[in-house]
Amino acid sequence: MPLLAPLALLLRFLRLALDPDTPATRSDEELFAAYRAGDRAAFQELWTRYAPALCRLMRKQVRRSEDVNDLVQQTFLQLHRARNDFREGARLRPWLYTIALNLRREYWRRMGRRRESPVELDERMLPTVEQADIVAKENAAAVRKALSTLSDGQREVIELHWFEGFSFPEVAQIVGASLSAVKVRAHRGYKVLKAELRAEGVR
């Protein structure tokens with residue numbers, strides 16, 4: 001049994017070596033290094049890998065699709081412009097999210113007003129769906145509403161930790177705060193979220 005895992009790895013290596021058309025998944029850092037060396041296709045692969053996730057991140061606070069798309073494009077434009085500032089040995093994903101969140105903050109400073117409140121869904125406009133889908137939509141709306149009650153600092157930390165799966169040290173790096181400060185924000189934010197969701201009947 002212990003030989004199975006090494007054997008599987010060996011077979012995979014041989015398959016890749018014998019079949020040059022079999023794509024090998026490159027890490028974010030390998031793709032970015034390739035792009036810096038002149039491989040434009042590597043940048044396109046990073047776009048394909050991260051643009052959807054960044055769109056989801058932006059949509060949590062930005063309503064207009066045009067603004068969401070513009071912010072995501074600006075994120076990659078800044079990534080391109082700062083390509084020579086990337087530290088060797090660092091991880092690309094936290095750096096990319098740092099750029100994205102800074103742009104979102106700047107967007108709201110430019111707008112000169114607070115975030116837009118979550119869009120209220122008119123049930124008459126919803127298509128006929130299974131009951132489970134309706135419950136899922138209601139729960140998602142409740143989560144968005146609960147998130148809107150948090151402070152900006154708490155919301156950012158929870159978005160990154162809960163929705164995007166970053167560790168607390170990575171979140172601290174992205175938002176530019178100490179690890180202890182990030183944990184305090186998360187603790188207080190999750191406490192508020194739990195109370196808000198319980199009040200909405202969401203478990």
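Remember, predicted model here, so these are calculated numbers, not experimental data. In what follows, residues are counted from 1 in the order of the sequence shown.
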Value rounded to 0.5 Å, distance of [atom1] in [X] from [atom2] in [Y]:
| X | Y | atom1 | atom2 | value |
| --- | --- | --- | --- | --- |
| Arg26 | Leu31 | CZ | CG | 5.0 Å |
| Leu147 | Arg155 | CG | CZ | 7.0 Å |
| Asn102 | Leu71 | CG | CG | 12.0 Å |
| Asp67 | Arg110 | CG | CZ | 8.0 Å |
| Arg188 | Ile158 | CZ | CD1 | 12.5 Å |
| Arg104 | Gln61 | CZ | CD | 3.5 Å |

Check whether Tyr97 forms a cation-pi arrangement with Arg93 (NZ or CZ under 6.0 Å from the six-membered ring centre, at most 45° off the ring normal).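 Geometry flag: set, cation within 6.0 Å and 45°.
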How far apart are the C-alpha atoms of Tyr107 and Asp70, what are their side-chain angles, what is the distance that settles it, and do they pass the side chain to side chain donor-acceptor pair (under 3.5 Å) test? CA-CA 10 Å; Tyr107 168 84; Asp70 185 53; over 6 Å; no
All side chain to side chain donor-acceptor pair (under 3.5 Å) counterparts of Ser180, not counting sequence neighbours: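 Expected list: Ser178.
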With sequence neighbours excluded, what pairs up with Arg185 under the side chain to side chain donor-acceptor pair (under 3.5 Å) test?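 Scan of Arg185 (side chain to side chain donor-acceptor pair (under 3.5 Å), adjacent residues dropped) gives none.
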Just by modelled atom types, is the Leu92 backbone N or O under 3.5 Å from a matching donor or acceptor in the Glu29 side chain?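 Confirmed, Glu29 side chain pairs with Leu92 backbone.
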When clusters are formed by joining ILVMFWY residues with side-chain heavy atoms under 4.5 Å apart, either directly or through shared neighbours, do Leu77 and Leu54 land in the same one?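 Different hydrophobic clusters.
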Are Val184 and Leu150 connected into the same hydrophobic cluster when the rule is that any two of I, L, V, M, F, W, Y join if their side-chain heavy atoms are below 4.5 Å apart?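 In one cluster: no.
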Mind listing the closest non-hydrogen atom pair of Ala146 and Glu196 along with its distance?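 Of all heavy-atom pairs spanning Ala146 and Glu196, the closest is CB-CB, 3.8 Å.
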Can you see whether Gln73 engages Asn69 through a side-chain donor-acceptor pair at a distance of less than 3.5 angstrom?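 No - no donor-acceptor pair under 3.5 Å links their side chains.
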When the ring planes of Phe168 and His161 are compared, do they come out parallel, tilted or perpendicular, using 30° and 60° as the limits?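 It falls in the parallel class, under 30°.
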Phe32 and Trp95 aromatic ring geometry - parallel, tilted or perpendicular at 30°/60° bounds: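 Ring orientation, 0 to 90° scale: perpendicular.
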Evaluate side chain to side chain contact (heavy atoms under 4.5 Å, CB included) for Leu179 paired with Val171, printing each intermediate quantity in order. CA-CA 8 Å; Leu179 178 59; Val171 173; over 6 Å; no
Is there a side-chain contact between Cys55 and Met58, using heavy atoms and a 4.5 Å cut-off?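 They are not in side-chain contact.
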Hey, does Tyr190 have a side-chain heavy atom less than 4.5 Å from the side chain of Gln154?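 Side-chain contact under 4.5 Å: no.
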Below 4.0 angstrom, N of the basic side chain to O of the carboxylate: do Arg56 and Glu159 qualify?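 No, Arg56 and Glu159 are not salt-bridged.
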